[in-house]
Protein chains: 2
Amino acid sequence: MSHTLGVRQAQKQKTRRALLDAALALLEEQSLSSLGLREVTRAVGVAPTAFYRHFRSTADLGVALVEEALGSLHPMIRTTVSGADDSDERIVRAVELIGRHVDAYPAHVRFIARERHGGVQPVREAIREQLARFASEVKDELAKDRQAAGWSEDDLLMLAHLYVDQMLITASLFLEALDAPERARVTHMATRQLRLISLGRRHWPAG
Amino acid sequence: MSHTLGVRQAQKQKTRRALLDAALALLEEQSLSSLGLREVTRAVGVAPTAFYRHFRSTADLGVALVEEALGSLHPMIRTTVSGADDSDERIVRAVELIGRHVDAYPAHVRFIARERHGGVQPVREAIREQLARFASEVKDELAKDRQAAGWSEDDLLMLAHLYVDQMLITASLFLEALDAPERARVTHMATRQLRLISLGRRHWPAG
DNA sequence: CCATGCAGTTAACAACTGTTCTCCGGAATT
DNA sequence: AATTCCGGAGAACAGTTGTTAACTGCATGG
């Protein structure tokens, strides 16, 4: 199926990757709305005009980054929530998984947290859309649980959003936590917050 | 006590206000890291160099905006959480209060949501600090409740952070909700999320 | 009333921005 | 083997940016 694409398109995707990576690196210390086209091309080492061969604007590049940063997250979400029991060890594992993801893709996490409410409308929209998809997936997984008997679709979705938002908050806290003790504090708090939510879930007046 | 300050300082504070207001207006469609000094002065109608009489940089102006946007929120928080019972009508009133605040100061709310994870470090720090103060205040109010018997300081603080973050999320959702039906949906969801958290709070294994 | 202080102005600086047009070299197609 | 296609380079454009210096006019305190 995957035909070894020619030298031509291979090179194109190579510089495209370089542009995305350079942008992601530059965005650690600024927001997308201040990211210059020339700034990115300079970091890569190509002419400013080469940028247009790949993206219409920096906002367009931003949308591509959203797909990249959140698209790869779906499987993780699914495996985290699925299985459906909300035991303590499960919660501990979920927080660990978030921490691990932040370690693996810190720039992606920072980008999403920053641009979710950022100054570039199309990017905000793209993030909102992807997070809504996440919430919907989480909802579907929650529905499989026997604990969800009697829950309305609406209630499941509101719980799913609560989980997704909580996940993002925790990820952002991990990002700011530099030393080990601070990380431990974040882990501790996030774990108990999830535990409290699960407790509320168990006692939710359903049916 | 408040001596009617001279014509001199009155004019100064007047243009300072104008600069802050203009910046806040401009920040509805971009983030602070892309806000230009000249852009602000042009909107006000003063020379670019006049900016330096009031702020060292746009980052400095941003910090001032944080104080303004969050400083006025403390009384609201206090009256919302105090009283300590977490009845349903109390939750409903809290969500209403948030909605009202968003209506009254939409630009402030947008600014905080945007710059909390934004690209300007001093501003992020200022917001983090103020939100930590909020959480601490909420914690103190929660501690007064008879429901908090047996709760550790740590647990109270983690619940307080949960409330504060939830408040911000809700405020941000109100901001994006333009029409009445969408506002109703946000109100409905936020109310039930708070209710679920309160439920978890009631069943928290304390002592 | 006179001298000082200071908010705001004017002018100029080098550096930077996004965008257009023209061109080049080499892979892809025929 | 000849031709088309196309990613990237190069140069130039008008417009923008932050920051500096020296200035002006007027409210202020002696």
Side-chain angles (χ1 to χ4, degrees), chain A residues 2-27 29-65 115 118-123, chain B residues 2-27 29-65 115 118-123:
Chain A
S2 72
H3 188 256
T4 47
L5 71 184
V7 181
R8 196 78 177 254
Q9 300 201 16
Q11 270 297 338
K12 176 165 186 179
Q13 293 217 351
K14 199 172 165 186
T15 58
R16 187 189 139 98
R17 263 255 57 82
L19 288 171
L20 288 169
D21 289 343
L24 211 45
L26 290 167
L27 284 172
E29 290 173 342
Q30 62 183 312
S31 10
L32 186 63
S33 76
S34 67
L35 182 69
L37 166 165
R38 298 181 97 108
E39 202 178 348
V40 179
T41 57
R42 193 187 313 131
V44 173
V46 296
T49 50
F51 186 91
Y52 292 107
R53 302 288 182 194
H54 303 273
F55 308 101
R56 232 182 283 271
S57 61
T58 52
D60 195 27
L61 178 147
V63 172
L65 280 178
E115 300 304 328
V120 184
Q121 201 256 351
V123 172
Chain B
S2 73
H3 188 256
T4 47
L5 71 185
V7 181
R8 195 74 177 260
Q9 300 201 18
Q11 270 297 338
K12 176 163 184 179
Q13 292 216 350
K14 200 172 165 188
T15 58
R16 188 190 140 100
R17 263 256 57 82
L19 288 170
L20 287 169
D21 290 343
L24 211 46
L26 290 166
L27 284 172
E29 290 174 342
Q30 62 183 312
S31 9
L32 186 64
S33 76
S34 67
L35 182 70
L37 165 165
R38 299 182 95 106
E39 202 176 346
V40 180
T41 57
R42 192 187 314 132
V44 173
V46 297
T49 49
F51 186 92
Y52 292 109
R53 301 288 181 195
H54 303 273
F55 309 101
R56 232 181 282 271
S57 62
T58 52
D60 196 26
L61 180 147
V63 173
L65 279 178
E115 300 304 330
V120 184
Q121 201 256 350
V123 172

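Within every chain, numbering begins at 1; the chains are lettered A, B, ... in the order of the sequence lines, protein sequences first and strands thereafter.
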ask   = Which part of the nucleic acid, if any, lies within reach of Arg56(B) when heavy atoms closer than 4.0 Å are counted: base, sugar-phosphate only, or nothing?
value = nothing
ask   = Within less than 4.0 Å of OP1 or OP2 of dG8(D), is there a side-chain N or O belonging to Thr15(A)?
value = yes
query = Within this structure, what is the CZ-to-C1' distance between Arg42(A) and dG18(C), rounded to whole angstrom?
reply = 13 Å
query = With side chains defined as the heavy atoms from C-beta onward, is the minimum distance between Leu20(A) and Leu24(A) less than 4.5 Å?
reply = no
message = Distance check needed: dT17(D) C1' versus Leu35(B) CG, whole Å only.
response = 12 Å
key: Note, Glu39(A) side chain near Gln30(A) side chain (heavy atom, < 4.5 Å)   = yes
ask   = Would you say the side-chain atoms of Ser33(B) pair up with the backbone N or O of Ser31(A), donor to acceptor, closer than 3.5 Å?
value = yes
Identify the pairs formed between an N or O of the protein and an N or O of nucleotides 28-30 of chain C at a distance under 3.5 Å, and give each distance.
{"unit_1": "dA28(C)", "atom_1": "OP1", "unit_2": "Val7(A)", "atom_2": "N", "d": "3.0"}
{"unit_1": "dA28(C)", "atom_1": "OP1", "unit_2": "Arg8(A)", "atom_2": "N", "d": "3.2"}

message = Considering every strand and a 4.0 Å limit on heavy-atom distances, what is the contact class for Arg16(B): base, sugar-phosphate, or nothing?
response = nothing
ask   = Looking at side-chain heavy atoms only, is the closest gap between Thr49(B) and Thr41(B) below 4.5 Å?
value = no
inquiry  = Between Gln11(A) and Arg38(A), which residue's closest nucleotide on DNA chain D lies nearer the 5′ terminus?
reply    = Gln11(A)
inquiry  = In whole Å, I'd like the distance from the CD atom of Gln13(A) to the P atom of dG7(D).
reply    = 11 Å
request  = Name every residue in residues 45-55 of chain A that has at least one heavy atom under 4.0 Å from any atom of DNA chain C, in order of residue number, or write none if there are no such residues.
outcome  = Thr49(A), Tyr52(A)
Beyond-backbone contact of Thr15(A) with Val44(A), side-chain heavy atoms, under 4.5 angstrom = no
inquiry  = Rounding to an integer number of Å, can you tell me how far Glu39(B) CD sits from dC16(C) C1'?
reply    = 15 Å
key: Between P of dA27(C) and NZ of Lys14(A), the distance in whole Å   = 14 Å
N/O donor-acceptor pair under 3.5 Å between Glu115(B) side chain and Leu32(B) backbone = yes
message = Expressed as a whole number of angstroms, how long is the span from Leu37(B):CG to dT19(D):P?
response = 7 Å
inquiry  = Within the 4.5 Å heavy-atom criterion, are His54(B) and Lys12(B) side-chain neighbours or not?
reply    = yes
inquiry  = Are Phe51(A) and Arg38(A) packed together at the side-chain level, in the sense that at least one heavy-atom pair is separated by less than 4.5 angstrom?
reply    = no
Spacing between Lys12(A) atom NZ and dG7(D) atom C1', to the nearest angstrom = 7 Å
message = Rounded to whole Å, how long is the line connecting atom CD of Gln30(A) with atom P of dT17(C)?
response = 10 Å
message = I want to check something: taking the side chain as every heavy atom from C-beta on, are Pro48(A) and Leu37(A) in contact at a cut-off of under 4.5 Å?
response = yes
Touch class at under 4.0 angstrom, heavy-atom based, for Ser57(B) against every strand present = nothing
